[in-house]
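Worksheet: one structure, shown below.
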2 protein chains.
Amino acid sequence: MFGDFRAVPPSSMASKLWTIGQVAKAGEVNVETIRFYQRKGLLPVPPRPYGGIRRYDQKTLARLKFIQAAKRLGFSLEEIGQLLKLEDGTHCAEARELARRKLEDVRVRISDLKRIEAALDDLIQRCDRAEGQICCPLISVLESGLK
Amino acid sequence: MFGDFRAVPPSSMASKLWTIGQVAKAGEVNVETIRFYQRKGLLPVPPRPYGGIRRYDQKTLARLKFIQAAKRLGFSLEEIGQLLKLEDGTHCAEARELARRKLEDVRVRISDLKRIEAALDDLIQRCDRAEGQICCPLISVLESGLK
DNA sequence: CTTAAGCGCGTAGTCAGGTACGGAGTCAAC
DNA sequence: GTTGACTCCGTACCTGACTACGCGCTTAAG
């Protein structure tokens, strides 16, 4: 029932070896996501002891957390793959360049969204003012083609 | 060679009937995109004169432009489908509600991106200051898991 | 009449980032 | 020594928004 071989949290001692399920739980992702990252080359596939079950060390978990952190910064999995190649910390310039491009990217997206925000806000206000009219301003603006 | 039946722009007279290629060109989309929208129910499929070629009126083009305009406002195709049902302009309240939800949505995306922007900006500055150090701040922050 | 661009239609593929499934194997515990 | 939880692996499926392909047909021009 409970207490099976995976349910033991590898808390007590450092550098125990974990199952994929334990890594997934610790990294707060789906087991399938780990396999997916392995297929994408973002996570290593530990050797499988003849006929047994693969065991993962905390380096894999660290790498998983790295991936999640980079995702939160808006990097795509492909970009994360590039960052991971720089993981030894000796390629600061390249890493910074990737970050700089991503920052550019994020800023463009922000300004696009702000334009959209302003347009929507304006339309909604016009709708509010036009309450009960024959033609809805939002719809008619869309019909006119908008920009 | 040139001057074939599609190359004639329906400019001269209003309300000529166009081929799919002409509509696509006028709407600045791919022919396949129009077919795709038809399959999604966003554009009508005009009747096909027995064994002939479908002809599109300017209402279809207007609808296509409506779709493009709504896309620029950040609506998904599914949401655009809903907006199109309100196209007669008599459902202002519903349309406004859709727009309001989309505005909410856009604002959330903006604030997410601003958080990312700040984090990236900070990291890049740290990288700039750490020039030539052993460990890259960007990488080490990612390694630490970041939030 | 032939040529060639473009249409009609259905099916299938793409990309990102996963999620789900099913059958067989493994492991720990009762 | 069987149960039950979980692993392994391959493959398929998902959403969103398209894009491509292939075959045969239509149309206009030369």
Side-chain angles (χ1 to χ4, degrees), chain A residues 1-10 16-56 60 64 67-68 70-82 105, chain B residues 1-10 16-56 60 64 67-68 70-82 102 105 109:
Chain A
M1 193 133 340
F2 44 78
D4 75 294
F5 76 101
R6 273 153 307 105
V8 181
K16 256 247 168 121
L17 292 174
W18 309 341
T19 67
I20 196 172
Q22 288 167 343
V23 176
K25 187 165 259 181
E28 296 180 276
V29 297
N30 198 309
V31 168
E32 304 301 334
T33 303
I34 292 181
R35 293 201 216 281
F36 175 72
Y37 288 167
Q38 289 176 335
R39 288 198 294 273
K40 289 264 152 176
L42 298 179
L43 286 178
V45 183
R48 189 181 179 186
Y50 304 99
I53 282 179
R54 295 186 198 285
R55 299 296 172 154
Y56 298 78
T60 303
L64 181 55
I67 294 171
Q68 305 297 299
K71 264 168 61 76
R72 280 194 290 275
L73 285 180
F75 290 98
S76 70
L77 293 188
E78 189 176 342
E79 290 161 339
I80 291 170
Q82 292 170 41
D105 203 278
Chain B
M1 195 139 330
F2 43 79
D4 74 294
F5 75 102
R6 275 153 303 105
V8 180
K16 257 247 167 122
L17 292 175
W18 309 340
T19 66
I20 195 172
Q22 289 167 342
V23 176
K25 189 166 257 182
E28 297 180 275
V29 298
N30 198 308
V31 168
E32 303 300 334
T33 304
I34 291 182
R35 290 201 219 283
F36 175 72
Y37 288 168
Q38 289 176 336
R39 287 197 296 275
K40 288 263 151 178
L42 298 179
L43 286 178
V45 182
R48 190 180 179 187
Y50 305 99
I53 283 178
R54 296 186 198 287
R55 297 297 171 155
Y56 297 79
T60 304
L64 181 54
I67 294 170
Q68 306 296 300
K71 265 168 60 74
R72 279 194 290 275
L73 285 179
F75 290 98
S76 71
L77 294 188
E78 190 177 340
E79 289 162 340
I80 292 170
Q82 293 169 41
K102 183 52 55 182
D105 202 278
R109 272 149 70 198

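Values below: all heavy atoms of this structure, side chains included; hydrogens, waters and symmetry mates excluded. The shown structure was predicted, so the numbers you read here are calculated from the model rather than taken from an experiment. Chain letters run A, B, ... following the sequence lines, proteins first, then strands; residues in each count from 1.
- Within 4.0 Å (heavy atoms only), B:Y37 reaches sugar-phosphate atoms of the nucleic acid but no base atom.
- B:L17 and B:Q22 make their closest contact through O-OE1, 4.5 Å (heavy atoms, listed as atom of the first residue, atom of the second, distance).
- No N or O donor and acceptor, one from the side chain of B:R55 and one from the base of D:dT26, sit under 3.5 Å apart.
- Rounding to the nearest 0.5 Å gives a distance of 10.5 Å between CD1 of B:I20 and CD1 of B:I53.
- Take the nearest nucleotide of DNA chain C for A:K40 and for A:G52: the residue whose nucleotide is more 5' is A:K40.
- We find that CD of A:E32 is positioned 13 Å from P of D:dG10, with the value rounded to whole Å.
- Inter-residue side-chain proximity for A:P46 and A:Q38 is flagged as met; some heavy-atom pair is nearer than 4.5 Å.
- Applying side-chain contact (heavy atoms from CB on, under 4.5 Å) to B:R55 and the options B:T60, B:T19, B:V23 leaves one that passes, B:T19.
- Under 4.0 angstrom from either OP1 or OP2 of C:dT26 there lies no side-chain N or O belonging to A:R48.
- Using a 4.0 Å cut-off, no side-chain N or O of A:R35 falls inside it from OP1 or OP2 of D:dC9.
- One can place OH of A:Y50 at 15 Å from P of C:dC27, the figure rounded to the nearest angstrom.
- The stretch residues 72-81 of chain B touches DNA chain D through B:S76, B:L77, each having a heavy atom within less than 4.0 Å of the strand.
- In terms of phosphate contacts, B:T19 brings a side-chain nitrogen or oxygen within less than 4.0 Å of OP1 or OP2 of C:dC7.
- Heavy atoms of A:R54 sit under 4.0 angstrom from primed sugar atoms or phosphate atoms, though from no base atom.
- Across all strands shown, A:K71 has heavy atoms under 4.0 Å from sugar-phosphate atoms exclusively, and none from any base.
- Residue A:T33 places none of its side-chain N or O atoms closer than 4.0 Å to OP1 or OP2 of C:dG17.
- Distance CD1 (B:I53) to P (D:dC25): 13 Å, rounded to an integer number of Å.
- Nearer to the 5' terminus of DNA chain D, by closest-nucleotide assignment, is the contact made by A:R39 (compared with the other of B:F36 and A:R39).
- Remark on DNA chain C: of its neighbouring residues A:V29 and A:G51, the 5'-side contact belongs to A:V29, judged by nearest-heavy-atom nucleotide.
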